[in-house]
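What follows is a short report on a single structure.
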Amino acid sequence: MLAELKGLNEECGVFGIWGHPEAAQITYYGLHSLQHRGQEGTGIVVTDGEQLKGRKGEGLVTEIFTADAMEDLQGVGAIGHVRYATAGGGGYENVQPLLFQSQSGGLALAHNGNLVNADALRNQLEAQGSIFQTSSDTEVLAHLIKRGGFSQMRDRVKNALPMLKGAYAFLIMTETEFMVALDPHGLRPLSLGRLGDAYVVASETCAFDIIGAEFVRDILPGELLVIDADGLHSEMYSMSSSTAICTMEYIYFSRPDSNIHGINVHAARKNLGKQLAKEVPIQADVVTGVPDSSISAAIGYAEESGIPYEMGLIKNRYVGRTFIQPSQSLREQGVKMKLSPVRGIVEGKRVIMVDDSIVRGTTSRRIVKMLKEAGATEVHVVISSPPIQNPCFYGIDTSTREELIASEHSVEEIRELIGADSLTFLSVEGMLEAIGRNEPGETRGQCLACFTGKYPTEIYPQAVSAGQKC
Ligand code: SF4
């Protein structure tokens, strides 16, 4: 499904490299492969060993980093970021990496996730005299690092991280050190790779394939990696109680060619589709998927059910960011601009339409209507995830609980509202089985909070209204 239409928006993506003479250029390619995680702003900070230099802007990677802009970014270490901003959280100053300069040196930060206690920490810090430059939750870490009473940067970082609650994959860079930290539940994906002698870190492994890097391993929940002239050092700043990787990364956010904890995203989605076909056998003529993220699940459903997969919906790839607008009226228009039914495929047919999730329901209603107007005799909507009934506080903009159609309505009511002939969601157990993680425990090391309401961390009241997510 198309994120910007559905109201389930990606968080952000981070990429970093240490020990390569073309660090900024490689970061450009890495960020480009993570562009699906955020299209509103992007930035790169580079170090030549003596000073940090950055460039950032609101726009796509190719728009901000022209050949001239890249000329300016020379160095051996770099961190980069692509950003999605929720309403009220945008603006140039919030585009990352955030770069701070002081007499003791520079500090650059790039963050994927959302800190649920950011407001509480910010209030405390402001009361103690801190002045914030941005409204980003990420800046809280910079202040905590700066206030730590240790002489070594790594000790300051290690001291600050346990104060943070929520989801975070941080890349932290000074002139001479590169640090990587993942929250104690490992809510967001983060992997380590090698490119020759250089180390690379990225939100998704697809970035390694693009630059020709070799995957080494996933960063561990609660791990702090420090890379400097002496090589790589790993230590646990927190002993994780339980891993809780975001399930929606498998279902929807990540690229199909990425692997998360050893599981290929396309394969997981295909299995979700197969599982759906086992749970929900439907009599129909064709199976189609809502492009792009639901195609893998639709192929799986078709394979398992024996009903042919057809391209019943086409995505118009040449609609630019102009149409990524938050207002409801433009969202409605956006569906028409971005998706078209293929009349020759669906006319006179009973269609199974596979989608990965339903958030507000408005997009599903439009697509069902489009398919019927194109001549489909029946449209059966099957969703490769359980109903999303709870908001996410960990960096995914799932809107408020009231906007989530499944929090207010039964499955039958949703079916009626979207105009489908039938509507089925995947069970939580079926979803866990299909993704296939082997971790012990009921949740198999996954966060399921938007489906079950059981949040892996404490939730602070302020987080409910947090407008700033990354
Ligand atoms: S609440 Fe849902 S979207 Fe948010 S981290 Fe958990 S699984 Fe992912």
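Counting starts at 1 for both ligands and their atoms, in listed order. From a predicted model like this one, the values you see are computed outputs, not experimental measurements. Heavy-atom basis, side chains included; hydrogens, waters and symmetry copies ignored.
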### Task
Using a strict cut-off of 4.0 Å, indicate which atoms of ligand 1 neighbour a heavy atom of Ala449.
1 (S)
### Task
Could you tell me whether atom 4 (Fe) of ligand 1 has an N, O or S atom of Cys246 under 2.8 Å away?
no
### Message
Quick check for you: to the nearest 0.5 Å, what is the distance between Asn390 atom CG and Thr452 atom OG1?
### Response
7.0 Å
### Task
Output every pair passing ring pair (Phe, Tyr, Trp, His ring centres under 6.0 Å) with a member in residues 403-453, not counting sequence neighbours, ordered by first then second residue.
none
### Task
Report, in ascending order of atom number, the atoms of ligand 1 lying under 4.0 Å from any heavy atom of Tyr394.
5 (S)
### Message
Under a 4.0 angstrom heavy-atom cut-off, which atoms of ligand 1 come close to Thr247?
### Response
7 (S)
### Task
Take Ser384 and Tyr301 through the test side chain to side chain donor-acceptor pair (under 3.5 Å) and record every step on the way to the result.
CA-CA 9 Å; Ser384 61; Tyr301 191 102; over 6 Å; no
### Message
Using a 3.5 Å distance criterion without hydrogens, assess whether the side chain of Asp137 forms a donor-acceptor pair with backbone atoms of Asn114.
### Response
no
### Query
What is the ring orientation for Phe100 with His143, classed by angle as parallel under 30°, tilted 30 to 60°, or perpendicular over 60°?
perpendicular
### Summary
One finds that the ligand 1 atoms under 4.0 Å from a non-hydrogen atom of Cys450 are 1 (S), 2 (Fe), 3 (S), 7 (S)
